[in-house]
Amino acid sequence: MKNTSVFHGGVKLQPQKVPVSLPTARLAEQPRYDVPLTTRGGHYSEPHTEVGAYVLGGQLIAGGRSKVGVHAPTSGTVESIHTDEGDTRIVIRADGLQQHIAKRSAIACEEATLDMLREAGLTGMGGAGFPTADKLQAALNGAPKLLIVNAVECEPMISCDAQLIAEDAKTLLYGADWLRRFVGAELCKIVVEDHNPASVEYLKAAQHEMTYSGLSISSVPTRYPAGSERQLVHAITGKELVAGARPLDNGVLVQNTATVHALARWVQDGTPLTERLVTVTGDACSQPQTLWCPIGAPLSALLEHTGVSVGTTELFQGGPVMGIALKDSSGAVAKHTQCLRIEHQSAPLNTLACIRCGLCSDACPEHLLPQQLHWQLLGDNLPGAQAERLPHCILCGCCDLVCPSNIPLSQQFAEGKAALRLRQHTEQRAAKAKRRVDARNVRMEILAKEKQERLAKRKAGTKKTDKQKAVAEAMARSRAKKEASDKANKEND
Amino acid sequence: MIKATRNTASVMNTVVLATIPATLCLVWFYGPGVLLNLLLCIFTALACEAGVSVLRQRPFKHTWADRSALVAAILLALSLPPITPLWLPICATAFAIVIGKQLYGGLGQNPFNPAMVGYAAALIAFPREMSLWPQTWGSTGLSISELSGGYSNLAWDAISSATLLDASNTALRAGHALPSIELWQQPASWVALCWIIGGCWLLYRQIISWHIPAGLLVSFALLASVFYLVDPSRYSSPLTHLFSGACMMAAFFIATDPVSAPAHRHARLLYGACIGLLIYVIRTWGSFPDGVAFAVLLMNLAAPALDHLWRGRV
Amino acid sequence: MIAVIIFAVLCALAGLLLWASSRWFAVEGNPLVDEIDAILPQTQCAQCSYPGCRPYAEALANGEAEINQCPPGGESGVRALAELLGREVIPLNVEHGESKAPQLAVIDEAVCIGCTKCIQACPVDAILGAAKQMHTVIASECTGCELCIPPCPVDCIDLITTKGIQP
């Protein structure tokens, strides 16, 4: 496949976008919301509320200070705080009044602190869900020169960024400018895919009204995975990130469009992150659309809203390349949920053996050799897989797409990465334990030697006369005491 | 689930289609013996795959489905002389499929090109039968039974014809100058042209990448040119070399077998170049008239090492 | 005759070369013990009936022990040892204990009397404390070997199963 874009590898896919429609649809008010307290990366926020408490929409119910804030999506009563398989959620029964906390006036970027941003509940909304305040902390230390607002959808079919830009490009630009000044970057670029010229028009129109300095709009060729941070930085700056390096190491900060928009809302009037755009699509979806969903809204409500066609269907969270299959629709919208797909049941994959065609290494954006990784992992050779740089695999799935034998490569790599991490962790702990055992053995040897020396000295006899002397002195002291007390008694009589 | 490209079975189908021009050309020149070989090889290949699958307790339809045995059988059949005895294609194909492919674990696991394994084994085991190329069919008018090896009764001189490479080899050994056989009079040149047509179609359909054919042909032509310029009487011209024997077949169909070739693009260039070099060396200084099979097999040995050298950036 | 002499000289030269190599490239100690020790999980629990991982490694190198005596290493440990030592893979010997999920020891501070018996028993010095002072297990250093549990006179140490990766 010919590569016409700047970054290495990648696959050209049909966008299959859900059309942008204004005004943006909104999910109906739900009777209950299941708000998750753990981010996708496992950052947990302690609940601040208790069962039975009444909360307003936007009220802090978990986290804050050093942990990511979690807020109630609407007003209601806390029904329960339950944990399922290590995943804690607060269930809120909505009262239907939709009362929210009071708004405040805009905050200047000199007044805002990272703790405030953390309390605002901001996390990466492009799929990773990393706490934004932590990322910005690293940014403030790294002094980035360029801020990239990533409006390149991470996968085909998703149109959250396009919908957001169509609806509210002004707030997005406000947020981008504020963030640029907050981190001290010179330039801010809002990047869109080139198959989406409408977004560019909306952005240009908004910029025309506001005229922010240092803000520009650019587009990159549509090629999966252009939405991936590392590939996007390469496409925009022309410099490829060294394996293991982050964009901040090259002076670039990348933020997702929805994150910047949520940040803008919080800056403008104190609205925390309580809702997001979710694309619902798939070949079994009656009305594919992108709609506003409160965080914690049940996925079944989304399906009901858009309609599902008859027949056996499968549910996926995420796009067609990296999406994961869901057991059922009992989950809820989280801060990182971008897309929900309902597909007709597909025929099972007819997987053949690897024919070593090499198409996978041509497609890999990280210059890996997926074929070699595949063979190493088939043979359970974790050190071999590590030598082939398995930890650098970004699980983009390009190799899956081009493999003529339909081998589920990225699934195998995800399992291999987990096994490798566990193995490395076990080895580190074992090495630590070994060091401590060796140190303890040395200590025990020293103690034993000292004890031996003491015993030897005692045997040599010097201690005996000292002891006799001590006994004699003690007896003399007690005799003196007795005489003194006898005297005192005689005087008292 | 979206897929961006074709699957293995359809790739193999396209390769089979690409061999049709060469097949037709061979039949035109040498008669139905070629088709007989094809039938025997294909049948044996599928039977062997089924047999081994049953032994491995797998469904043999699944093994047939990837069509890789079909491709190996066709390539082997088209490399064999058209008048081989009936048992020869069967033995060669059985060796190729069972030992050259299935014994290593089946599809994707064989380190050597199965068709070349079969060809080389047959060449070494049955050198006489493997080097008897007849005159064109039109001039000999052999019957089908004679085409299938019943030539022991015939006067061999009446039907055999030296290929250009054969003749060059013999002449040079005897210390004579190169024979002056017109390049376009020998059938092999036209067959080579058909292989080029098939190969270009494969390139167009992006079934094979240009690296191996380019590496092979460029290095081969370069080496041949150098020696030809030094002494035209002892070294054949590059054009003669390129259009004789199985050079074009190797460049587009045999060396490009993905399983036995390196995976990385740059490694493939070097792989192709080394095959070209080896073909020339064996042809010029080796005892075999055509060195394609051995050149490919030798470089199959080196393929993992070439991949290892090109691990990608660290 | 000359051939015999030549062969004899060649053999003598080869022998000389081998002797020189054995002197020049000699290795201190037994590196096999280090390799075995690197595979063992370093829990130092003595469930293998040797007082620690290194003595077990030495016994394995000398051929005095079987490869299936280490429960914390589990099946994967047995397989790794089998591959290293060229022995057959055998199932874990349950007489030495079961292969359990990773665990940590936790001291109930309300019950602890400060006797230091557990501190002396811990093979990796993972318990912090002194006589008549509060004892506590440093979670990041504890290997879950269970050696601190029998000596405790008030039975105040519990084992909890750890979920996921502990720091």
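Just so it is clear: chains get the letters A, B, ... in the order the sequence lines come, proteins before strands, and each one is counted from 1. What you see is a predicted model, and the numbers here were worked out from it, not measured in a lab.
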Greatest number of heavy atom pairs closer than 4.5 Å to chain B - which of G397(A), C357(A), C398(A):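 Looking at each option in turn, the highest pair count goes to C357(A).
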Heavy-atom proximity to chain B below 4.5 Å, by part of I355(A): both
Per-residue contact mode, C354(A) against chain B (heavy atom under 4.5 angstrom): backbone
Listed partners of E314(A) passing salt bridge (Lys or Arg N to Asp or Glu O under 4.0 Å), at least two apart: none
Pairing residues for E155(A) by the salt bridge (Lys or Arg N to Asp or Glu O under 4.0 Å) criterion, not counting sequence neighbours: none
Pair S410(A)-D400(A), side-chain donor/acceptor within less than 3.5 Å: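 Distance-only check passes for S410(A) and D400(A).
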Any I97(B) side-chain heavy atom under 4.5 Å of T44(B) side chain: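 SC-SC contact between I97(B) and T44(B) ruled out.
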